Undergrad: 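Quick one: this structure, given as structure tokens, is what I'll be asking you about.
None of these values were measured; they are calculated from a predicted model.
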Amino acid sequence: MDDEYAKLIRRVNQPRVVIDNNACEDATVIQVDSVNKHGILLEVVQVLTDMNLTIRKAYIASDGGWFMDVFNVVDNDGNKIRDKEIIDYIQRRIETSAGFVPSRRGSVGVMPSEEHTSIELAGTDRPGLLSEVCAVLADLRCNVVNAEIWTHNTRAAAVVHVTDDSTGCAITDPKRLLMIKDLLCNVLKGNDDLKTAKTMLSAPGVMHRERRLHQIMFADRDYERVEKTGVRAVEERSSRPQVNLLNIEKDYTVITMRAKDWPKLLFDIICTLTDMQYVVFHGMVNTTRMDANQEFYIRHVDGLPISSEAECVRVIQCLEAAIERRASEGLELELCTEDRLGLLSDITRIFQENSLCIKRALISTKGDRPECAAGET
């Protein structure tokens with residue numbers, strides 16, 4: 001009955017989105033009003049980042065069962081959003097996403113779709129790992145449609161969408177799926193993996209890919225650091241994002257953060273807080289040319305602020321990791337060429353043969369042309 005009543009309230013009070021180009025001199029202002037529910041802030045931020053909009057400022061308020069957010073956004077060129085079709089599309093997307101938030105997936109099953117099979121990987125990072133994974137997929141006649149790979153703190157995670165090279169569709173044979181899973185798991189384990197490697201097969205479209213990567217790395221506990229000593233330890237600590245927690249009486253825990261700014265920074269932070277079961281009640285985001293300053297008043301979903309030193313440490317570590325996962329060091333290389341089976345295996349093998357470590361990679365195909373972007377050191 002409570003669930004049906006909540007659905008009725010959402011139907012009666014549909015989200016309202018106002019997009020204004022006159023309220024701010026150098027940004028488009030997007031205001032979202034809606035009934036409040038856990039995850040709504042992430043859904044709105046996710047829409048904005050998926051549209052490649054940069055959030056310069058944000059004001060968040062969600063006390064009393066009502067959600068109101070104001071975002072100052074610009075496009076990739078730093079300009080206001082002027083195209084009416086794009087403005088209408090943003091409005092429809094936010095209203096749809098904020099109206100009914102889909103349930104978050106807690107487990108993964110073997111559920112290939114008709115289009116492609118989604119493979120999720122987690123294991124210890126090492127030189128040549130991606131090359132070995134791509135070689136296995138090529139040997140198994142699996143064509144990589146798109147993929148995203150992250151590495152952080154000696155851990156690696158990937159979401160890869162593949163098709164059967166002979167049919168161009170998802171792989172449906174249970175025995176073949178099991179073989180793919182077992183062989184990839186053997187590659188991920190390596191010779192001295194201290195943590196359990198994981199290979200999962202799931203249906204695409206159930207979860208936002210970047211959010212899923214955050215969840216995979218969080219579950220793999222990539223936020224746990226092996227503390228170093230000496231000069232290297234000082235340099236590592238100084239380069240970390242600045243994250244501080246403070247309890248305000250018994251009402252909220254206040255998180256203040258300062259980090260290098262990039263377009264999806266707010267998404268990374270809100271994604272992590274949401275999946276850790278924290279609710280943002282108030283917040284402010286302000287970016288300069290280089291840095292982003294953020295402040296959030298949070299509670300756990302049970303209504304309580306953070307109550308222990310151990311929990312404070314864990315939240316700080318998890319937020320630092322969420323920010324660092326997307327950071328790339330070294331050269332960024334972009335490739336575009338005709339697609340064929342085994343192409344990705346050949347490209348990654350060249351990196352391995354030249355002692356280059358891929359830290360992050362984004363692979364996609366358009367028609368018969370793959371587009372790859374990889375950062376290596």
Undergrad: Quick one about N153 and R325 (side-chain donor to acceptor, distance below 3.5 Å, no hydrogens or angles considered), yes or no?
TA: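 No - no donor-acceptor pair under 3.5 Å links their side chains.
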Undergrad: Give a yes or no on whether E353 atom CD has more than 12 heavy-atom contacts from other residues, nucleotides or ligands under 6.0 Å away.
TA: yes
Undergrad: Counting only N and O atoms by type, is there a donor-acceptor contact under 3.5 Å from the side chain of E295 to the main-chain atoms of M284?
TA: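 No, because the side chain of E295 does not come within donor-acceptor range (under 3.5 Å) of the backbone of M284.
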Undergrad: Of all heavy-atom pairs between A157 and I216, which one has the smallest distance, and what is that distance?
TA: CB-CG2, 3.7 Å
Undergrad: Hydrophobic clustering (ILVMFWY, side-chain heavy atoms < 4.5 Å, transitive) - are L48 and V70 grouped together?
TA: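 No, no single cluster joins them.
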Undergrad: For the residue pair N76 and N52, what are the closest heavy atoms and their distance?
TA: OD1-O, 3.3 Å
Undergrad: Establish, yes or no, whether the cationic atom of R299 lies under 6.0 Å from the six-membered ring centre of F281 and within 45° of the ring axis.
TA: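 R299 over F281 ring: yes.
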Undergrad: Begin from the C-alpha positions of L130 and F351 and carry the test side-chain contact (heavy atoms from CB on, under 4.5 Å) through to its verdict.
TA: CA-CA 10 Å; L130 181 57; F351 290 153; over 6 Å; no
Undergrad: Taking all non-hydrogen atoms of both residues into account, name the closest pair between K264 and T49 and its distance.
TA: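 Where K264 meets T49 most closely, the heavy atoms are CE-O, 4.0 Å.
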Undergrad: For the atom pair OG1 (T274) and CZ (F267), what is the distance rounded to the nearest 0.5 Å?
TA: 9.5 Å
Undergrad: Checking D261 against M290 for the side-chain contact (heavy atoms from CB on, under 4.5 Å) test, could you report, in this order, the C-alpha distance in whole Å, the side-chain angles of both residues, the deciding distance, and whether it holds?
TA: CA-CA 6 Å; D261 187 37; M290 295 297 293; over 6 Å; no
Undergrad: Verify, without hydrogens or angle tests, whether D164 (side chain) and G168 (backbone) share a donor-acceptor contact under 3.5 angstrom.
TA: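 No; zero donor-acceptor contacts below 3.5 Å.
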Undergrad: Between the side chains of H152 and D125, does any donor sit under 3.5 Å from an acceptor?
TA: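 No - no donor-acceptor pair under 3.5 Å links their side chains.
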Undergrad: Would you check if F67 and D33 make a side-chain contact, meaning some heavy-atom pair closer than 4.5 Å?
TA: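 Answer no - side chains too far apart.
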Undergrad: For the backbone of V145 and the side chain of T365, can you confirm whether one donor and one acceptor N or O come within less than 3.5 Å of each other?
TA: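 Side chain of T365 to backbone of V145: a pair is present.
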Undergrad: For a side-chain contact (heavy atoms from CB on, under 4.5 Å) check, start with the C-alpha distance between I306 and H300, then their side-chain angles and the critical distance, and finish with the verdict.
TA: CA-CA 7 Å; I306 295 174; H300 196 265; over 6 Å; no
Undergrad: Does D88 come within less than 4.0 Å of K84, counting only side-chain N to carboxylate O?
TA: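 Salt bridge: yes.
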Undergrad: Give the intermediate values and the outcome of side-chain hydrogen bond (donor to acceptor under 3.5 Å, both in side chains) for residues D50 and H208.
TA: CA-CA 10 Å; D50 285 348; H208 187 271; 2.9 Å; yes
Undergrad: Would you please name every residue forming a side-chain contact (heavy atoms from CB on, under 4.5 Å) with A27, sequence neighbours left out?
TA: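 So A27 forms a side-chain contact (heavy atoms from CB on, under 4.5 Å) with C24, N72, V74.
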Undergrad: Following the transitive rule for hydrophobic clusters with a side-chain heavy-atom cut-off under 4.5 Å over Ile, Leu, Val, Met, Phe, Trp and Tyr, establish whether M68 and V279 coincide in one cluster.
TA: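 No, because M68 and V279 fall into different hydrophobic clusters, even though each may have its own neighbours under 4.5 Å.
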Undergrad: Any link between I87 and V18 through a network of hydrophobic side chains (Ile, Leu, Val, Met, Phe, Trp, Tyr) touching at under 4.5 Å?
TA: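 No, no single cluster joins them.
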Undergrad: My understanding is that only residues two or more places apart in sequence, or in another chain, count here; which of them pass side chain to side chain donor-acceptor pair (under 3.5 Å) with T253?
TA: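 Residues passing side chain to side chain donor-acceptor pair (under 3.5 Å) with T253: N247.
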Undergrad: State plainly whether the residues R141 and D165 are in salt-bridge range, i.e. N to O under 4.0 Å.
TA: yes
Undergrad: Could D26 and K80 be called an ion pair, given the rule that one side-chain N must be under 4.0 Å from one carboxylate O?
TA: no
Undergrad: For I350, does its backbone N or O pair with a side-chain atom of N354 as donor and acceptor, under 3.5 Å?
TA: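 Yes.
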Undergrad: I'd like to check the side-chain contact (heavy atoms from CB on, under 4.5 Å) partners of V280; sequence neighbours left out, ordered by chain and number.
TA: L41, I60, I270, L273, F296, I298
Undergrad: Report the distance from atom CG of N146 to atom CD1 of I363, rounding to the nearest 0.5 Å.
TA: 8.5 Å
Undergrad: Is any side-chain N of the basic residue among E332 and R360 closer than 4.0 Å to the acidic one's carboxylate O?
TA: no
Undergrad: Looking at CG of L183 and SG of C142, how far apart are the two atoms once the value is rounded to the nearest 0.5 Å?
TA: 10.0 Å
Undergrad: Within this structure, what is the CD1-CD1 distance for the pair I171 and I180, rounded to the nearest 0.5 Å?
TA: 3.5 Å
Undergrad: Any salt bridge between R16 and E95, counting N to O under 4.0 Å?
TA: no
Undergrad: Taking all non-hydrogen atoms of both residues into account, name the closest pair between G342 and A138 and its distance.
TA: CA-CB, 3.9 Å
Undergrad: Ion pair present between E224 and R221, side-chain N to carboxylate O less than 4.0 angstrom?
TA: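 Salt bridge: yes.
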Undergrad: Can you measure from OG1 (T256) to CG (L246) and round to the nearest 0.5 angstrom?
TA: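 Going from the OG1 atom of T256 to the CG atom of L246 covers 8.0 Å.
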Undergrad: Would you say L140 and L129 are hydrophobically clustered, going by side-chain heavy atoms of ILVMFWY under 4.5 Å?
TA: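 Same cluster.
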Undergrad: Tell me every residue that passes side-chain contact (heavy atoms from CB on, under 4.5 Å) with A158, counting only those two or more places apart in sequence or in another chain.
TA: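 Here the qualifying residues are L121, I149, V160.
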Undergrad: Judged by modelled atom types alone, do T28 and N21 share a side-chain donor-acceptor pair under 3.5 Å?
TA: yes
Undergrad: Closer than 3.5 angstrom, by distance alone: can the side chain of T287 be matched with the main-chain N or O of R56 as a donor-acceptor pair?
TA: yes
Undergrad: Between K359 and W150, is the side-chain contact (heavy atoms from CB on, under 4.5 Å) condition met? List the steps.
TA: CA-CA 7 Å; K359 307 302 291 182; W150 290 2; over 6 Å; no
Undergrad: By side chain to side chain donor-acceptor pair (under 3.5 Å), which residues pair with S131, not counting sequence neighbours?
TA: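 Q352.
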Undergrad: Could you tell me if the ring centre of Y59 sits under 6.0 Å from that of H282?
TA: no
Undergrad: Has D220 got a side-chain atom pairing as donor or acceptor with D222's backbone, closer than 3.5 angstrom?
TA: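 Answer holds: no.
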Undergrad: Any side-chain heavy atom of M179 within less than 4.5 Å of one from K175?
TA: no
Undergrad: Are any non-hydrogen side-chain atoms of V44 and R93 less than 4.5 angstrom apart?
TA: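 Side-chain contact under 4.5 Å: no.
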Undergrad: Check whether any side-chain heavy atom of R326 lies under 4.5 Å from a side-chain heavy atom of E210, and answer yes or no.
TA: yes
Undergrad: Cluster question for you: counting only ILVMFWY and a side-chain heavy-atom cut-off of under 4.5 Å, with indirect links fine, are I358 and L335 together?
TA: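 In one cluster: yes.
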Undergrad: Are side-chain heavy atoms of T348 and V133 found at a separation under 4.5 Å?
TA: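 Contact flag for T348/V133 side chains = no.
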Undergrad: Decide, yes or no, whether a salt bridge links R225 with E324 under the criterion of side-chain N to carboxylate O below 4.0 Å.
TA: yes
Undergrad: Can any side-chain N or O of D77 pair as donor or acceptor with the backbone N or O of N79 at less than 3.5 Å?
TA: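 Such a contact is absent between D77 side chain and N79 backbone.
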Undergrad: Q31 versus I19: any side-chain heavy-atom pair under 4.5 Å?
TA: no
Undergrad: How about H116 and V162: do any of their side-chain heavy atoms sit closer than 4.5 Å?
TA: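 No, every pair of side-chain atoms sits at 4.5 Å or beyond.
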Undergrad: For the residue pair Q91 and V17, what are the closest heavy atoms and their distance?
TA: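 Residues Q91 and V17, closest heavy atoms: NE2-O, 2.9 Å.
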Undergrad: For the residue pair T199 and L184, what are the closest heavy atoms and their distance?
TA: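 Minimum heavy-atom contact is OG1-C, 3.8 Å.
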Undergrad: Can a donor-acceptor pair be found between the side chains of H214 and D268 at a distance below 3.5 Å?
TA: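 There is such a pair (donor and acceptor under 3.5 Å, judged by atom type) between the side chains of H214 and D268.
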Undergrad: Report the distance from atom OG1 of T288 to atom CG of N293, rounding to the nearest 0.5 Å.
TA: 6.5 Å
Undergrad: Of all residues at least two apart in sequence or in a different chain, which pass the salt bridge (Lys or Arg N to Asp or Glu O under 4.0 Å) check with D346?
TA: R340, R349
Undergrad: My understanding is that only one of K181, R212, K198 makes a salt bridge (Lys or Arg N to Asp or Glu O under 4.0 Å) with E120; could you say which?
TA: R212
